[in-house]
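Worksheet: one structure, shown below.
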Amino acid sequence: MTSPSQDERIRRTVAGTNLGNNRDSTRQHNLSTVLRLVHSMAGVSRAQLTRATGLNRSTIAALVGELVQLGLVVESNLDLAQQHGRPSIMIEPSRGALALSVNPDIDVVSVALVSLGGHIVNPVRFHTVRAPSVPEVVNIVKAVYSGMRTSLPAGHRIMGVGLAIPGLVDPVDGTVIEAPHLGWRDEPLAALLSDALKLPVIAANDAVVGARAQATFGAGRDVSDLVYLYGGASGIGGGVISGGRLISGATGFAGQLGHTHVRSGGAACTCGSSGCLEAEVTREELIAAVGLPAGETENLEEAVMEKLQQEGSQELRDIIERQVQLLAVGLKSVVNLLNPSMIVLGGFLRILDRAAPDALSEALRTPGTRGPRERVAIELAPLGEDPILVGAAELAFEPLIRNPAGFLRFHDDDADVPLSFA
């Protein structure tokens, strides 16, 4: 018997759907629902699919069979954890269905192939000596992707490209409206990448896709209301899940939590204001304090934790204490406004919680009173860019999951034509 939490996740995925046995649109919908369950659970049994959807076993078998033929799922070992009746066949996402994830930043362009189920296959970090231009990003990604393709075994298919940008992105056409730390404004990066790679490209803010990854695969997969804060080279971004849905706002720009005001008369921010969270709490200050060489920024957390064990680390301790206090100010505002049950910290923000255990949790609580800060858990996202890359892949997979057969048919018919799905 599966755990209640796993069954609950499955029920949430199919909540509100209108399943049945009619043909055409209903079959497409049922096929989408089954693939979404297999993808988000990274594997599920036939028995679980039957219970969750309310469809009979023969219908589930037919839907799974079609997904197998499409190369999107595989049937594997029996579910031996099932205690009643015959063991049920397990359905797992195919490792041959891949998305290309791209995340440019001021000192590195991260590229990875990600399979259905959120598995990163072969990440590549291409370091740059300065913030790359848009044409340079296109050339880097094209070269890295070309090398990746030659090493893939037969049968692998690239469904599209997910582009995670540290800045504002037009949700309609993927144009980078502004990425101030990169010096980009009104750059059609998604269209340029699509032309170069002959693949559909969908772009979004990096912290927003990180929130999506945490809600689907990470610390927030059982949480309906969470805030994800990611600190990187380009500042601090955020994504908000409320009632189980990603908040996008009227024009798609919700979640700019890095511009929460935390200090009067503070440092100037790229947004034109001063005292914003991302202007006051920076990765660069930590890098300078530990003397980390350029090109080794992925080792920052390890370097900080190691230096804190040494004598002469008072300057670093003072920096961390200050940054923790200012982060706490920002989190209080976020919690009062959004009332989440969980805050997930990613990127260099992980360091502040690890270096000062319980300081943020204690700062959020008001003893003896009830309110939005009463039960807020603080969790850490996995180390590195993994949540961003996995979240970017979700952008590319979503059109496929919405209509598996239709997407692949269109993809095959127009293999040499760049595709764009809103």
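What you are looking at is a predicted structure, and each value in this text was computed from that prediction instead of being measured. Count residues from 1 along the sequence.
For the residue pair T59 / N56, a side-chain donor-acceptor distance below 3.5 Å is found, with atom types taken as modelled.
At least one donor-acceptor pair closer than 3.5 Å links the side chain of T53 to the backbone N or O of L49. Using modelled atom types, no side-chain atom of T50 and backbone atom of R57 make a donor-acceptor pair closer than 3.5 Å. Judged purely by atom type and a 3.5 angstrom limit, S115 has no side-chain atom pairing as donor or acceptor with the backbone of A97.
A 4.5 Å side-chain heavy-atom check between R157 and L98 finds every atom pair outside the cut-off. Side-chain contact between M90 and V44: absent, with no pair of heavy atoms (C-beta onward) separated by less than 4.5 Å. For the pair H181 and T270, the minimum side-chain heavy-atom distance is below 4.5 Å. C276 is not listed as a side-chain neighbour of H261, based on a closest heavy-atom distance of 4.5 Å or more. Side-chain contact between Y228 and P387: present, with at least one pair of heavy atoms (C-beta onward) separated by less than 4.5 Å. Counting heavy atoms from C-beta outward, L199 and Y145 have side chains that approach closer than 4.5 Å. Side-chain contact between S333 and L257: absent, with no pair of heavy atoms (C-beta onward) separated by less than 4.5 Å. In this structure, N103 and I165 have side chains that are not in contact, with every pair of non-hydrogen atoms separated by 4.5 Å or more.
Separation of atoms CG (L226) and CD (E379) is listed at 10.5 Å; rounding is to 0.5 Å. Once rounded to the nearest 0.5 Å, the distance linking CG of L286 with CD of E301 reads 10.5 Å. In this structure, CZ on F348 lies 6.0 Å from OG1 on T282, to the nearest 0.5 angstrom. Atom CG of residue L72 and atom CG of residue L400 lie 5.5 Å apart, to the nearest 0.5 angstrom. Put simply, CD1 on I120 and CG on D386 are 3.5 Å apart, with the number rounded to the nearest 0.5 Å. Annotation: the span from Q256 atom CD to I236 atom CD1 amounts to 12.0 Å, rounded to 0.5 Å.
Pairs passing the salt bridge (charged side-chain N to carboxylate O under 4.0 Å, His left out) check and including a residue from residues 94-114, sequence neighbours excluded, read D107-R283. Pairs passing the salt bridge (charged side-chain N to carboxylate O under 4.0 Å, His left out) check and including a residue from residues 129-156, sequence neighbours excluded, read R130-E136.
Of all heavy-atom pairs spanning A164 and I388, the tightest one is CB-CG2, 3.6 Å. Closest non-hydrogen pair, A207 versus G238, comes out as CB-N, 3.2 Å. The two residues T128 and I140 come nearest to each other via the heavy atoms CG2-CD1, 4.2 Å. Taking every heavy atom of both residues into account, A268 and A279 meet most closely at O-CB, 3.7 Å.
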(request) Determine, step by step, whether E296 and H127 satisfy the side-chain hydrogen bond (donor to acceptor under 3.5 Å, both in side chains) criterion, reporting the C-alpha distance in whole Å, the side-chain angles of both residues, the deciding distance to 0.1 Å, and the verdict. (result) CA-CA 9 Å; E296 296 184 18; H127 291 277; over 6 Å; no
(message) Does N30 form a side-chain hydrogen bond (donor to acceptor under 3.5 Å, both in side chains) with T33? I'd like the steps, not just the answer.
(response) CA-CA 5 Å; N30 292 350; T33 299; 5.3 Å; no
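Annotation: H39 is in aromatic contact with F217 [ring centroid separation under 6.0 Å].
Between T216 and the choices R36, E394, R221, the side chain to side chain contact (heavy atoms under 4.5 Å, CB included) rule is met once, by E394.
Around the CD atom of E284, the shell of radius 6.0 Å holds more than 12 heavy atoms that belong to other residues, nucleotides or ligands.
Take V290 and apply the side chain to side chain contact (heavy atoms under 4.5 Å, CB included) test, not counting sequence neighbours, and it matches L292, L300, A303, V304, K307, L316.
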